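First up is the structure itself, then whatever we jot down about it.
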Amino acid sequence: MKLEEAKKLLEKCGQEHVLAFWNKLGKKEREALLAQVATIEPESVKYCQEALAKGADVPDSSKGKAPKVAVLKGKKLAAAVEAGEKELKAGRVAALLVAGGQGSRLGYDGPKGCYSIGPITDAPLFYFHARKILARTIRYGRPIPFYVMTSEANNAATVECFEKNDYFGLNPKDVFFFTQGMWPGMTKDGKIILDAPGHVFMSPDGHGGLLAALKKSGALADMKKRGIKSVFFFQVDNPLVEIADPAFIGYHVMNKSEYSLKLCAKRDPKEKVGVPMQFGKTFRMVEYTEMTDEQCNRKAKDGSLYFLYGSPAIHVFDREFLDREASQPMPLHLAFKKIPQVDGKGKVVKPTEPNGYKFEKFIFDILPKAKVAAFLAFEQKDEFSPVKNAEGGDSPATCKADMQAKWRRWLAEVGVTVAEGVPLEIDPLYAVDAADLKANGICLDA
């Protein structure tokens, strides 16, 4: 982009101040700023300004009802597994990973997916995800294409991690990296924030931004070309997730669902998770902050919580549904934050109070658009133990303990007892469940 083009674009959306310090910038700074301006879309700026004017939209959740959540057992479980395996054997399943975050909260300088979590090997989070995909690829004889959404901040390091580890055994042709969008931060009056004289403050547009990113990157077109029907969505910080779980895929397909969610029982009434609710014939994810105390503590007839299940962001989408929604506008969620900002003289000021807004999209905002939605319960101990904090709950220590506890349960199923405290790690390529352990010859009298 040239300077005159940048001026016209910024004038069109009333953001001429972005070039206020142009004459004080060096050549590289000017090039970098023009590159940023080229990514700014007047329509998006207007969209953000409208969101600011409207303010936070907190829908009334008082009339929401708990949706029907399936628990698969016996013949129903067997039927779902059979249906899911049919899809996997036909090559109609893809995996979609949201991995745009950094490991800063963990004290790690790099992509969160590169963070070491293997109890013995120190293998990174990416290792466990990729090896699960590889294991199912080998089991079902067809590739499960792996779409990895990164961010501008960590894309290069993420790709490098995969390359240095030979893609963890996956075929590079079946791994598709793409970056999520970035939105400029704004002041209360809708002006784009400069956090340096030659730099616009930008932040990721949230996991809901993956729809536009999938379309823009060509990932959706690639899925269609490959004949993908079901897309398994998960987040990078959960190494316990059962990627492309046949039962979940099968349940999704059998229900002809466009958007299916795995849900787990909340650990306490006010756990900080989204709760799906039914409103008439549609469903919506309700944030815990939108629920009243009465809703949080309401009891069902059996004494359990009425709104028992929360979402850990494990989904299966119909690919055509994603394609349909990728071009549709999504709600913007506002976060009022402390953002470094240049003053009238070009000096960077670090505020002590929130001074600007970040804008995010949430993937579950398309739930009401689904013609059919399905909900499946699972045991948290088996499939959800995120790595979010350096210490305490949801930390590397708790996650490693949960991983090893799961492996001990598998071994116990085939007659092998491993004492607590004994380090344990199982390569997902060797086994993704207890049946694999038995099939691969675990010694029963070990």
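For clarity, every value in this text was computed on a predicted model and none was experimentally measured. Counting begins at 1 with the first residue of the sequence.
The two residues Pro172 and Tyr167 have their closest heavy-atom pair at CG-CD1, 3.8 Å. In terms of heavy-atom proximity, Arg131 sits nearest to Leu429 at NH2-CD2, 3.3 Å. Taking both residues in full, the closest heavy atoms of Cys296 and Pro269 are given as O-CB, 3.3 Å, listed atom of the first, atom of the second, then distance. Between Ser151 and Gly100 the shortest heavy-atom distance is OG-O, 2.9 Å. Between Ala95 and Ile133, the closest heavy-atom pair is CB-CD1, 3.8 Å. In terms of heavy atoms, Ser385 sits closest to Thr398 at OG-O, 3.9 Å.
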For this session: Walk me through it: do Leu220 and Met223 pass the test side-chain contact (heavy atoms from CB on, under 4.5 Å)?
Result: CA-CA 5 Å; Leu220 276 175; Met223 289 180 188; 4.1 Å; yes
For this session: Determine, step by step, whether Asp323 and Lys224 satisfy the salt bridge (Lys or Arg N to Asp or Glu O under 4.0 Å) criterion, reporting the C-alpha distance in whole Å, the side-chain angles of both residues, the deciding distance to 0.1 Å, and the verdict.
Result: CA-CA 9 Å; Asp323 206 8; Lys224 184 176 181 180; 5.3 Å; no
Problem set entry | Cys48/Leu332 under side-chain contact (heavy atoms from CB on, under 4.5 Å): CA gap, chis, key distance, verdict | CA-CA 7 Å; Cys48 290; Leu332 290 181; 3.9 Å; yes
Exercise. Checking side-chain contact (heavy atoms from CB on, under 4.5 Å) for the pair Lys400/Ile117: CA distance, chi angles, key distance, verdict?
Worked result: CA-CA 7 Å; Lys400 289 179 182 180; Ile117 200 63; 4.0 Å; yes
Problem set entry | Worked check of side-chain contact (heavy atoms from CB on, under 4.5 Å) between Trp183 and Tyr47 | CA-CA 11 Å; Trp183 291 77; Tyr47 192 36; 4.1 Å; yes
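The backbone N or O of Gly227 sits nowhere less than 3.5 Å from a side-chain atom of Arg92 that would complete a donor-acceptor pair. A donor-acceptor contact shorter than 3.5 Å links the side chain of Asp343 to the backbone of Lys347. No side-chain donor-acceptor contact under 3.5 Å links Lys191 to the backbone of His17. With Ser217 contributing its side chain and Leu214 its backbone, the two residues share a donor-acceptor pair below 3.5 Å. Looking only at distances, no side-chain donor or acceptor of Lys112 sits under 3.5 Å from a matching main-chain atom of Lys388. In this structure, the side chain of Asp174 does not engage the main chain of Pro143 through any donor-acceptor pair within 3.5 Å. Side-chain N or O atoms of Asp245 include one that pairs as donor or acceptor with a backbone N or O of Ala247 at under 3.5 Å. In this structure, Glu5 contributes its side chain and Lys2 its backbone to a donor-acceptor pair below 3.5 Å. With hydrogens and angles disregarded, no donor-acceptor distance shorter than 3.5 Å links the side chain of Glu87 to the backbone of Gly84. The backbone N or O of Glu391 sits nowhere less than 3.5 Å from a side-chain atom of Asn389 that would complete a donor-acceptor pair.
At least one side-chain heavy atom of Ile366 sits under 4.5 Å from a side-chain heavy atom of Leu211. For the pair Phe378/Leu263, no side-chain contact is recorded, criterion being any heavy-atom separation below 4.5 Å from C-beta on. Side-chain contact check for Leu106 versus Pro396: some heavy-atom pair is nearer than 4.5 Å. Residues Val81 and Leu72 have side chains not in contact (no heavy-atom distance under 4.5 Å, counting atoms from C-beta outward). Counting only heavy atoms from C-beta outward, the side chains of Val236 and Leu97 approach each other to under 4.5 Å. Taking the side chain as every heavy atom from C-beta outward, Phe359 and Pro204 never approach each other to under 4.5 Å. Residues Tyr251 and Val316 fail the side-chain proximity criterion, which asks for heavy atoms closer than 4.5 Å. Between Ile339 and Pro351, every side-chain heavy-atom pair lies at or beyond the 4.5 Å cut-off.
Side-chain contact, Tyr140 with Glu85: a donor N or O sits under 3.5 Å from an acceptor N or O. For the residue pair Asn297/Tyr306, the side-chain donor-acceptor check at 3.5 Å is not satisfied. Side chains of Ser61 and Gln295: a donor on one and an acceptor on the other come within 3.5 Å. Side chains of Thr150 and Gln180: no donor on one and acceptor on the other come within 3.5 Å. There is no side-chain donor-acceptor pair under 3.5 Å between Tyr115 and Asp237. Of the N and O atoms on the side chains of Asp122 and Ser116, not one donor lies less than 3.5 Å from an acceptor on the other residue. Side-chain contact, Gln341 with Asp195: no donor N or O sits under 3.5 Å from an acceptor N or O.
For Asp433 and Arg139, the salt-bridge test passes: some basic side-chain N is under 4.0 Å from an acidic carboxylate O. In summary, Lys406 and Asp402 do not engage in a salt bridge, as defined by a charged side-chain N under 4.0 Å from a carboxylate O. Ion pairing between a basic and an acidic side chain is recognised when a charged N comes within 4.0 Å of a carboxylate O; Lys164 and Glu160 show such pairing. Salt-bridge annotation for Arg136 and Glu242: present, with a side-chain N of the basic residue lying under 4.0 Å from a carboxylate O of the acidic one. Taking the charged nitrogens against the carboxylate oxygens, Lys256 and Asp318 have no contact shorter than 4.0 Å, which rules out a salt bridge. The pair Arg284-Asp365 does not count as a salt bridge, with every side-chain nitrogen at least 4.0 angstrom from each carboxylate oxygen. Salt-bridge check for Glu4 with Lys7: passed, with a basic side-chain N closer than 4.0 Å to an acidic carboxylate O. A salt bridge links Lys262 and Glu383; the closest N-O separation between the charged side-chain nitrogens and carboxylate oxygens is under 4.0 Å.
Ring centers of Phe364 and Tyr259: at least 6.0 Å apart, outside the cut-off. Within the 6.0 Å centre-distance limit, the rings of Phe234 and His129 are counted as a close aromatic pair. The aromatic ring centroids of Phe201 and His199 lie 6.0 Å or more from each other.
Between Val148 and the options Phe177, Phe176, Phe178, a side-chain contact (heavy atoms from CB on, under 4.5 Å) holds for only Phe177.
The CG atom of Leu19 sits 10.0 Å away from atom CZ of Arg30, with the distance rounded to the nearest 0.5 Å. Residue Tyr288 holds its OH atom at 10.5 Å from CD of Glu290, rounded to the nearest 0.5 Å. Put simply, CD1 on Ile243 and CG on Leu134 are 11.5 Å apart, with the number rounded to the nearest 0.5 Å. Taking NZ of Lys371 as the reference point, atom CZ of Arg324 lies at 5.0 Å (rounded to 0.5 Å). Note that CZ of Phe375 is 12.5 Å distant from OH of Tyr309, once rounded to the nearest 0.5 Å. Here CD of Glu287 is found 11.5 Å from NZ of Lys272. Values are rounded to the nearest 0.5 Å.
Annotation: Asp189, atom CG; neighbour count of heavy atoms from other residues, nucleotides and ligands within 6.0 Å is above 12. The neighbour count for Lys86 NZ, taken as heavy atoms of other residues, nucleotides or ligands under 6.0 Å away, does not exceed 12.
Taking the six-membered ring where the residue is Trp, Phe336 and Tyr357 present parallel rings, their angle staying beneath 30° rather than reaching 60°. Ring pair Phe168/Phe126 is tilted by interplanar angle, where 30° to 60° counts as tilted.
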